[in-house]
Amino acid sequence: MSEHPPLLFQARLGGLFPANAVAESAMREIKGTVRVEIKGGRANQARRGLYWCVASLVVPLLNKAHSLTLDEQDLHDITREKLRLYDEIILPSGEVHHKLRSTSNRAMNEAERADYTDKALQLWSTWIG
């Protein structure tokens with residue numbers, strides 16, 4: 001799983017059009033020419049897509065219900081923290097810092113990613129009822 005929500009686009013009429021909120025936001029920032037790299041992969045792209053699509057649905061519900069200003073990346077970071085997907089680092093002051101672990105393809109195998117996704121969706125469902 002990527003550390004950032006994927007920029008999803010649909011090909012129509014010879015062009016690429018935003019297919020999620022993150023891509024729409026990114027499109028507003030484009031000034032001039034951009035470079036696009038199309039990657040293939042062996043990871044379960046449907047599971048990855050499900051995670052980020054559900055995150056984009058959960059964020060506005062949480063924001064509205066609790067007067068928050070979260071985005072999908074915030075929700076991803078909070079979820080990793082709540083699911084204890086971090087390494088504890090003790091700072092010289094004695095404070096504990098949580099270094100969040102990656103959910104990328106290189107950091108997790110498919111079984112770990114499936115488990116993480118299941119736990120994240122269960123957590124989010126308890127938060128939004």
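On a predicted model such as this, the values are computed, not experimentally measured, just so you know. Numbers for residues simply follow the sequence, beginning at 1.
Summarising the geometry, atom SG belonging to C53 is positioned 9.5 Å from atom CD belonging to E72; distances are rounded to the nearest 0.5 Å. Atom CZ of R113 and atom CG of D118 lie 12.5 Å apart (nearest 0.5 Å).
The minimum heavy-atom distance linking T126 with L123 is given by the pair OG1-O, 2.5 Å. The minimum heavy-atom distance linking I128 with L61 is given by the pair CD1-CD1, 3.9 Å. The shortest heavy-atom contact between M108 and S102 is CG-O, 4.2 Å. Of all non-hydrogen atoms in L70 and V59, the two that sit nearest each other are O-CG1, 3.1 Å. The shortest heavy-atom contact between L68 and L62 is CD1-O, 3.9 Å. Between Y116 and T79, the shortest heavy-atom distance links the atoms OH-CG2, 3.6 Å.
With hydrogens and angles left out, the side-chain atoms of D77 and Q73 include a donor and acceptor closer than 3.5 Å. Between the side chains of E88 and H97, no donor N or O sits under 3.5 Å from an acceptor N or O.
Looking only at distances, no side-chain donor or acceptor of E29 sits under 3.5 Å from a matching main-chain atom of A26. Between the side chain of D87 and the main chain of K99, no donor-acceptor pair closer than 3.5 Å is present. Remark: the backbone N or O of Y86 is paired with a side-chain donor or acceptor of R101 at under 3.5 angstrom.
Taking 4.5 Å as the limit, every side-chain heavy atom of R80 sits out of range of all side-chain heavy atoms of I78. Side chains of T103 and L85 form a contact here, defined as non-hydrogen atoms less than 4.5 Å apart. Inter-residue side-chain proximity for V54 and W124 is flagged as met; some heavy-atom pair is nearer than 4.5 Å. A heavy-atom distance below 4.5 Å is found between the side chains of V58 and L75. Counting heavy atoms from C-beta outward, H76 and W52 have side chains that approach closer than 4.5 Å.
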Practice problem: For side chain to side chain contact (heavy atoms under 4.5 Å, CB included), just list the numbers for D74 and T69, CA-CA rounded to whole Å, side-chain angles, deciding distance to a tenth of an Å, and then say yes or no. | Solution: CA-CA 9 Å; D74 295 330; T69 57; over 6 Å; no
Practice problem: Take V96 and H98 through the side chain to side chain contact (heavy atoms under 4.5 Å, CB included) test and state the conclusion after the steps. | Solution: CA-CA 7 Å; V96 177; H98 293 162; 3.9 Å; yes
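Two rings, from H66 and W127, have their centers 6.0 Å or more apart.
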